[in-house]
There are 2 protein chains.
Amino acid sequence: MKVSSKGEYALRALLVLGELHGKVVSIQEISDKTLVTVSYLEQILLKLKKLGYLESKRGTNGGYILKRETRDINIGEVIRVLEGPLSPMGCASITKYEPCQLEPSCQLKPLWSLVRDTIAYVLDQTTLEDLLENRIALNKGDDFLAFKRTN
Amino acid sequence: MKVSSKGEYALRALLVLGELHGKVVSIQEISDKTLVTVSYLEQILLKLKKLGYLESKRGTNGGYILKRETRDINIGEVIRVLEGPLSPMGCASITKYEPCQLEPSCQLKPLWSLVRDTIAYVLDQTTLEDLLENRIALNKGDDFLAFKRTN
DNA sequence: AAAATGTTGACTAGAATACTCGACTTTTCA
DNA sequence: TGAAAAGTCGAGTATTCTAGTCAACATTTT
């Protein structure tokens, strides 16, 4: 059930850019703060730009700048565009459903659907702003407190 | 955030064996019902046997038989042994924690921890019996009622 | 003895992951 | 005006993971 490095790194980069919202930040600086190599970040940042999250400026003192408001950047969406559906199985995916022969009577699909829903519930309710302010979904609803970690 | 075929197939096989609890079922029959090839099932069933979920009988009319009670087979546990931690990131894993340089001030870890907890919450509370009896919260409630188990 | 099973270990093709690299374009500024 | 500092783009690559296959063997039943 892993999330790939691309998704993780994209979020790291967005956090850096969100923290410096309004400023142009070079790939090098993002690299320093995220511990991701410059050449790998090139790929990821370019993709985020094409997806409309970032703007760029070339030349000396160039770099990337966050285009959207931090509260309008949805984490579930970022993960989906960078690494596909949140669902653990194609049969339970809403964004990219894949049929399965066993489906009519499958006893697993309800489970995968529930897992998908829980993951989507968490990630789709979380924004970049939430992460920046260390406000994760825990406080978003009382019925969610059941998940609170006891550490 | 995918689950691998091994985990899925293992659960399919366990469902077949759970449905016929007490009977010896050949790999061939399990293959027919799960749509998984015999040779791949060999691997998976053997592993499940070594993990204590199954017993086997060789020779004519041989096959596999469920060793534990269906209510004592925990789905989260099955997934973990067959494909590793539930956590989307090593930093948030409880069963296989991996350190990360960013950790002291990482703004993502709380999110990954929450995701881990929600997945674990669902899977660790579900047993093979639950799956066999279709006792999984189906309705995607407007809120998070989906988590409230009705039994 | 023959047939029907499970057991074991090795092997493999293909896909995905996690990058790297080089050549190019644009912008700034001395 | 030219050199340097950026982003852009396309291709390449090493490694790991996935999803199996396969052949030879061991055991049990009939």
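Remember, predicted model here, so these are calculated numbers, not experimental data. To find a chain, count down the sequence lines: A is the first, B the second, and so on, and within it residues start at 1. Computed over heavy atoms, backbone and side chain alike; hydrogens, waters and symmetry mates excluded.
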Asker: Run through Thr127(A), Thr126(A), Asn134(A) and flag the one making a side-chain hydrogen bond (donor to acceptor under 3.5 Å, both in side chains) with Asp130(A).
Answerer: Thr127(A)
Asker: How long is the line joining CD1 of Ile27(B) and P of dT7(C), in whole Å?
Answerer: 7 Å
Asker: Give the rounded distance in Å between these two atoms: CD of Glu55(B) and P of dT7(C).
Answerer: 11 Å
Asker: Thinking salt bridges, do Lys33(A) and Glu19(A) make one under a 4.0 Å N-O criterion?
Answerer: no
Asker: Using whole Å, what does the distance between atom C1' of nucleotide dT20(C) and atom CD1 of Ile44(A) come to?
Answerer: 13 Å
Asker: Pick base, sugar-phosphate or nothing for Leu45(B), based on heavy-atom distances below 4.0 Å to the nucleic acid.
Answerer: nothing
Asker: Using the salt bridge (Lys or Arg N to Asp or Glu O under 4.0 Å) rule, collect all pairs that involve residues 84-107 of chain A, keeping only residues at least two apart or in two chains.
Answerer: Glu103(A)-Lys109(A)
Asker: Tell me the interatomic distance from Leu46(A), atom CG, to dC21(C), atom P, rounded to whole angstroms.
Answerer: 19 Å
Asker: Tell me the interatomic distance from Ile30(A), atom CD1, to dA6(D), atom P, rounded to whole angstroms.
Answerer: 12 Å
Asker: According to a strict under-4.0 Å criterion, is Lys49(A) in side-chain N/O contact with OP1 or OP2 of dT8(D)?
Answerer: yes
Asker: Using a 4.0 Å heavy-atom cut-off, write out nucleotides 18-30 of chain D from 5' to 3' as B (base contacted by protein), S (sugar-phosphate only) or - (no contact).
Answerer: -BBBBB--BBBBS
Asker: Tell me, do Ile119(A) and Ile119(B) make a side-chain contact under 4.5 Å, heavy atoms counted?
Answerer: yes
Asker: Grab the CG-C1' distance between Leu82(A) and dT17(C) for me, whole Å please.
Answerer: 14 Å
Asker: When you check the side-chain N and O atoms of Glu29(A) and Tyr64(A), is any donor under 3.5 Å from an acceptor?
Answerer: no
Asker: Rounded to the nearest angstrom, tell me the gap between atom CD in Gln28(B) and atom P in dA3(C).
Answerer: 18 Å
Asker: Tell me what Lys50(A) touches on the nucleic acid: a base, only sugar-phosphate, or nothing, going by heavy atoms under 4.0 Å.
Answerer: sugar-phosphate
Asker: As an exercise, state the distance from CZ of Arg80(A) to CG of Leu123(A), rounded to the nearest 0.5 Å.
Answerer: 7.5 Å
Asker: Whole angstrom is fine here: how far is it from CE in Met89(B) over to P in dT17(C)?
Answerer: 12 Å
Asker: For dT8(D), does either OP1 or OP2 sit under 4.0 Å from a side-chain N or O belonging to Ser56(A)?
Answerer: yes
Asker: Do Leu108(B) and Leu15(A) pass the side-chain contact (heavy atoms from CB on, under 4.5 Å) test, and can you show the C-alpha distance, the side-chain angles, and the key distance before you say yes or no?
Answerer: CA-CA 9 Å; Leu108(B) 284 171; Leu15(A) 281 167; 3.7 Å; yes
